[in-house]
K.L.:
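Structure in structure tokens, see below.
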Amino acid sequence: MMSKILIIAEHDSNTLNPSTAKCVSCAAAIGGDCDVLVLGSGIGDVSRQAAALEGVSIVIETDAAHLAHPLAANLAPEVAAAAGAYSHVLGPSTTFGRDLVPRVAALLGVNQVSDIMAVEGPTTFRRPIYAGNAIVKVDVPAETTVVGTVRAASWKEAATGGSASIESRPASSEAASHSRYVSLEAGDGERPDLQSAKVVVSGGRAFGSAENFEKLYALADKLGAGVGASRAAVDAGYVPNDMQVGQTGKIIAPELYVAFGISGAIQHVTGIKDAGTIVAVNKDADAPIFELADIGLVGDLFTVIDEMMALLD
Amino acid sequence: MYGLCLNPVLLMTSSPAEREIMPYDVVVVGAGPSGLACALRLKQLDPERMVAVIEKSAEIGAHILSGAVIEPQPLDELLPGWREQPPPVCVPVEKDQLFFMTRAKRIRVPTPPQQNNHGNFIVSLGAMCQWLADKAEAAGVDIFPGYSASDLAWNADGSVAGVIIGDMGINRDGEPKDSYVQGIEIHAPVTVMAEGCRGHLSKQLIRKFALDADSDPQTYGIGIKELWQLAPGKGQAGLVQHSIGWPLDPDIYGGSFIYHLDKDRVAIGFVLGLDYADPEFSPFEAFQQFKHHPSVRPLLEGGEIISSGARAVVEGGIQSLPRVEMPGAILIGDGAGLLNVPKIKGTHQALRSGMEAAEHLVAKGSAEGFDKRLRDSAVAHELHKVRNIRPGFHKGMWRGLLTAAIETVTAGKLPRTLKNHADHEQMQQATEYDAPDRAWQERDLPPRDRLASVYFAATAHDEDQPVHLQILDPDVCTTRCVAEYNNPCTQFCPASVYEMVEDENGLRLQINAANCVHCKTCDIKDPYQVINWVTPEGGSGPNYQNL
Amino acid sequence: MKILVGIKRVVDYNVRIRVRPDGRGVETDGVKMSINPFDEIAIEEALRIRESGKADEVIVVSIGGDECQQQLRTALAMGADRAIQVNSSEALQPLSLARALLKVAQSESADLVILGKQAIDDDNSQTGQMMAALWGRPQATFASRVELDGTTARVTREVDAGLETIEVELPAVITVDLRLNQPRFVKLPDIMKAKRKPLDRTELGDLDIGADAPLSVSDFAPPPARGGGIKVDDAAALVAELKQRGLV
């Protein structure tokens, strides 16, 4: 039987979140028909963006005032109501998807496959457990709807250029009286949070002082990146404790991680092993970080930062 | 000044908040084999007695590291029938082998009688302590892992009243954090110090009561151990191998062990005396070199390192055994210094001393008389017999082997006792010491370096706590020590705790306290004795698995 | 008001995870087990609410074999009033866990359920949401701030876009994130007191939660090792490479 896949779109009413395009890639790996469900209020633009994703057949739009904010209690019944015609329901493994999709799974009476990182068949997946320290195979039992979340770092965004039709579907439920959206306070608008940043630049003790770390902050701002540090840099007092990446610091999985003057001790590497692309800049060609970096550059970190600043202008 | 020191009650009441006190009949510091044997024996002899065991590791056994081949007789006495339900890792010794190593070869030599392990068992002492703790708890002992005894509590008459549990939630600068919890005091008529080798409270007590006034200085070694999962089929369960010789210089006492457990697991390690002279010598590197010897490397290739760690061992024997009693407290196990060096075993001594202590306390009700009891017991007799073997190696391996042969043949009955010397005094200055060519090689088996080794020790400390490695005089490091000894702490520490860093503020000693595996080598070997190891927040430190 | 806190016994955060050679799981032999760190934060939050006078009782529940009593005792030592072990010899998946927790919440007439946002072993992050769905009650996931006002909880959630605040009417399920609080250290005398607090044992079978088709989980493997990639000569080549890969 051919799979029929429904993807729950994530958006902010204006723009489709890139995680949706990643779900489409995951759906392509599963094979079969792929529709996108856009829930919200005043979401015409979002629906058009979803329709442009390559591989999407139909965009289903449910536009209702009570769906204006992503409250799982309001969205989940809509998804569950739409899900009847589908073999698969997928959402992104972002805070949006991780909040909503399990609620949908429960309404459908099925267990959920979290953080799909690879597809091995229509009902067979690979996913990480123990913070990525082990990978398991998960088989969804026959005759049940596959409900899953798609791990962002494992999938590329589907290309645009498609032209799916957009269909409207009326809301099937009323607003939940027990949940109310109050506000969203975006990050302080400056540097993205280390843990959720798509790009992270990180520095080691080789910076030599807190002042020299300013150069790294400047590069981070140019790249829109979060800033991390090795324990040695924290211990030396160059940066505060909450910037530490690694075993006793933060475990992060940005799409791009650029390590400047970090040797790559296991303790540090444990914190970045799920990163998409790792770049290492270090003057010691024998530094262990080069053994796992996707792109390595042996050289003086200050020179490289200065040159990057100029090139990125 | 004196008045203040002699009046701890006055000091206590002047502290900001009165500490809560929990009374017990006996408080045992340290849940190793001696402490647990003591606690369990106490309950067996007198179930009414309230016994507490305090342990700084997050879980029982997590700070225990030992070979370990053990003699089972004390266990037979403590837990008859234990063989039917042995500890989780427990493999009968099948075969003993001793080798003399050269750079390229290993030569089988006869096993000395002390190292005959027929009837002994290879265990993980950490796992065994967990097993023993379960039995002690079942017998009614209150065991508190994750709490460090950070200080001593005193009675007005100057006797030991018990221990103070360290405060939790203090930041790096010594200020209380939101999570701050004041530690309590545990008081008991008798405090049993079972901290293991170079316990930090035992060290204070030995000094305060001059317990070592009539004994030689204590001497130590460092043991480094790894647990490996070998490629399938490579293990030979029950095989016990030891070696002497390469990669050590002939003037360094020590050697290797390889113990084959079940399921293709092998414990591999190295023990060497801390009386070596070369300030730039690295025990960790010596062990790693040993692993790359052509006779050893094939065993490990294709395998996986599971766990690693290091711990100082006590080697002074009977000459260095301090007085083991004082008002309100006694010393047992390696904390007293009961390891039998020629046998390379201390567990049976630890268990037996714990049981002796329990029997003494039940019979006499106080510490008084325990020193005599221990010295009259099999524990001390065993040490007396082998007393000259370890110090015989003070003048190098060949002289040592000769002494060992003579002392073994005569069973220690010759009317002589060789002296022990303090390890930290044995180091020579960097400019004076001419290190031999050790022909050490590039290596590729894990762990790559000490930092990687620390990773396999799973050591963890909340980094926002006071540094638990106190440098009593930091100037020494950047002035005298760098010139005279080239900062040997950066070499002897197996966990890369100490680094000399040159930055905009000049040369300084960087202490990576979070790496510490609580081996105590720095406290022992630092030539100026300015490093003072104290307990970090309870629950910190390595998380050894089956070491 | 009654708060129910669900806790899970997991391999301790500090333990290095090793996949078993037979691929049937991870090594748990002789491994330190602890309360799931997020659940510890949930306990702490419940205790703070009770200590602020807004709740009368904190009940901890864990679903598992008798070994999870150790973690329940720890929760009692932290300050929970009583504990319930739902005895189950097999590990349940989130949907069944949610059904079981709901039965307990209903029989206890809990007004608030606080859970960790996920367990650090399976990393599913599902149970709280599922429980709220089955209950037909609100959920407030990934909480970094919780304020109670009568029967309303105002919860600040850590979401990718920043900090979202929502209001939910009780009863509700809240799942907590790392920054909500710093769990307290257990005071040693409280360990002794915890031994005397009530710990009830209920059989899972008695909760009558039915049988959901479980996912089949197999073939445990270590993550693929990262191999070394390419070397570039200078910053220009690096930036060009990053641009070509669409990363900057």
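Values reported hereafter were calculated over all heavy atoms of this structure, with side chains retained and with hydrogens, waters and symmetry mates removed. Numbered from 1 within each chain, the chains take letters A, B, ... in sequence-line order.
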K.L.:
Select, from C/Gln126, C/Met130, C/Gln93, the one with the greatest count of heavy-atom pairs under 4.5 Å involving chain A.
P.N.:
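Result: the option with the highest number of such pairs is C/Gln126.
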K.L.:
Can you tell which of A/Ser183, A/Pro77, A/Ser179 has the highest number of heavy-atom pairs within less than 4.5 Å of chain C?
P.N.:
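Most pairs with chain C among the choices: A/Ser183.
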K.L.:
Quick check on C/Leu215 against chain A: is it the side chain, the backbone, both or neither that has a heavy atom closer than 4.5 Å?
P.N.:
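C/Leu215 touches chain A through backbone and side-chain heavy atoms alike.
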K.L.:
Under a 4.5 Å heavy-atom cutoff, which of A/Leu107, A/Leu312, A/Val110 has the most pairs with chain C?
P.N.:
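With the most close heavy-atom pairs to chain C, the winner is A/Val110.
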K.L.:
Main chain of A/Val136, side chain of C/Asp219: is a donor-acceptor contact present, judged purely on distance under 3.5 Å?
P.N.:
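Side chain of C/Asp219 to backbone of A/Val136: no pair is present.
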K.L.:
Would you mind telling me which of C/Val232, C/Leu242, C/Leu247 makes a side chain to side chain contact (heavy atoms under 4.5 Å, CB included) with A/Val279?
P.N.:
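Answer after filtering C/Val232, C/Leu242, C/Leu247: C/Leu242.
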K.L.:
Considering only heavy atoms, which portion of C/Asp233 lies under 4.5 Å from any heavy atom of chain A: side chain, backbone, both, or neither?
P.N.:
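Looking at C/Asp233, just its backbone touches chain A.
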K.L.:
Hey, could you give me the OH/CZ distance between A/Tyr130 and C/Phe220, rounded to the nearest 0.5 Å?
P.N.:
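With rounding to 0.5 Å, OH (A/Tyr130) is 7.5 Å from CZ (C/Phe220).
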K.L.:
For C/Ala221, is it the side chain, the backbone, both or neither that has a heavy atom under 4.5 Å from a heavy atom of chain A?
P.N.:
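Both parts, backbone and side chain.
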K.L.:
For the pair C/Gln129 (side chain) and A/Val101 (backbone), establish whether a donor and an acceptor sit closer than 3.5 Å, ignoring hydrogens and angles.
P.N.:
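No, C/Gln129 side chain to A/Val101 backbone: no donor-acceptor pair under 3.5 Å.
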K.L.:
Taking every non-hydrogen pair under 4.5 Å, which of A/Asn133, A/Val298, A/Leu71 racks up the most with chain C?
P.N.:
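It is A/Asn133.
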K.L.:
Is the side chain of C/Arg226 donor-acceptor paired with the backbone N or O of A/Ala293 at a distance under 3.5 Å, no angle test?
P.N.:
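Checking the backbone N and O of A/Ala293 against the side chain of C/Arg226, no donor-acceptor pair under 3.5 Å is found.
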K.L.:
As a quick check of understanding, evaluate side-chain hydrogen bond (donor to acceptor under 3.5 Å, both in side chains) for A/Arg98 and C/Asn124, giving each step before the final call.
P.N.:
CA-CA 9 Å; A/Arg98 289 166 60 215; C/Asn124 273 320; over 6 Å; no
K.L.:
If we define contacts as heavy-atom pairs under 4.5 Å, which of A/Ser177, A/Ala275, A/Ala176 has the most with chain C?
P.N.:
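Max contact count across the listed options: A/Ala275.
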K.L.:
Quick one: of A/Ala80, A/Ala131, A/Ala73, who has the most non-hydrogen atom pairs under 4.5 Å with chain C?
P.N.:
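Of the options given, most contacts go to A/Ala131.
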K.L.:
Quick check: does any side chain N or O of A/Arg103 sit under 3.5 Å from a backbone N or O of C/Gly128, one acting as donor and the other as acceptor?
P.N.:
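No, the answer is negative, given that no donor and acceptor are paired below the 3.5 Å cut-off.
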K.L.:
With rounding to the nearest 0.5 angstrom, report the OH to CD distance, A/Tyr181 to C/Glu167.
P.N.:
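So the gap between those two atoms works out to 12.5 Å.
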K.L.:
Donor-acceptor check, side chain of A/Thr95 to backbone of C/Asp160, threshold 3.5 angstrom: yes or no?
P.N.:
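Such a contact is found between A/Thr95 side chain and C/Asp160 backbone.
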K.L.:
Which answer fits A/Asp115, side chain, backbone, both or neither, if we ask what part of it has an atom under 4.5 Å from a heavy atom of chain C?
P.N.:
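Contact with chain C: side chain only.
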K.L.:
Rounded to the nearest 0.5 Å, what separation is found between the NE2 atom of A/His178 and the OG1 atom of C/Thr152?
P.N.:
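Those atoms lie 12.5 Å apart.
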K.L.:
Given that the side chain runs from C-beta out, which part of C/Glu158 has a heavy atom under 4.5 Å from chain A: side chain, backbone, both or neither?
P.N.:
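Looking at C/Glu158, just its backbone touches chain A.
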K.L.:
Would you call C/Arg157 and A/Asp99 a salt bridge, taking side-chain N to carboxylate O under 4.0 Å as the test?
P.N.:
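Judged by the 4.0 Å cut-off on N to carboxylate O distance, C/Arg157 and A/Asp99 do form a salt bridge.
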K.L.:
Kindly check if the number of other-residue, nucleotide or ligand heavy atoms within 6.0 Å of CG (C/Asp22) is above 12?
P.N.:
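Buried by this count: over 12 neighbours within 6.0 Å.
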K.L.:
Under 3.5 Å, is there a donor-acceptor pair between the side chain of A/Asn111 and the main chain of C/Pro214?
P.N.:
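Not at all, since once roles are kept as given, no pair shorter than 3.5 Å links the two residues.
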K.L.:
Suppose we screen for salt bridge (Lys or Arg N to Asp or Glu O under 4.0 Å). Which residues come up paired with A/Arg151, at least two apart in sequence or across chains?
P.N.:
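Once residues adjacent in sequence are excluded, the partners of A/Arg151 under the salt bridge (Lys or Arg N to Asp or Glu O under 4.0 Å) criterion are A/Asp274.
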K.L.:
C/Val248 and side chain to side chain contact (heavy atoms under 4.5 Å, CB included): which partner among A/Val258, A/Leu311, A/Leu223?
P.N.:
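Per the side chain to side chain contact (heavy atoms under 4.5 Å, CB included) rule, the option paired with C/Val248 is A/Leu223, out of A/Val258, A/Leu311, A/Leu223.
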K.L.:
Using non-hydrogen atoms only, which part of A/Val304 is less than 4.5 Å away from chain C: side chain, backbone, both, or neither?
P.N.:
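Contact with chain C involves both backbone and side-chain atoms of A/Val304.
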K.L.:
How long is the span from the CZ atom in A/Phe96 to the OG1 atom in C/Thr141, to the nearest 0.5 Å?
P.N.:
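If we round to the nearest 0.5 Å, A/Phe96:CZ and C/Thr141:OG1 are 11.5 Å apart.
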K.L.:
Flag the one option from A/Lys222, A/Met308, A/Glu255 with the top tally of heavy-atom pairs under 4.5 Å to chain C.
P.N.:
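It is A/Met308.
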K.L.:
For the atom pair CD1 (A/Ile266) and CZ (C/Arg16), what is the distance rounded to the nearest 0.5 Å?
P.N.:
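Reported value, rounded in 0.5 Å steps: 8.0 Å.
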K.L.:
Which atoms of C/Thr175 come close to chain A, meaning under 4.5 Å heavy atom to heavy atom: side chain ones, backbone ones, both, or neither?
P.N.:
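When you check distances to chain A, no heavy atom of C/Thr175 falls under 4.5 Å.
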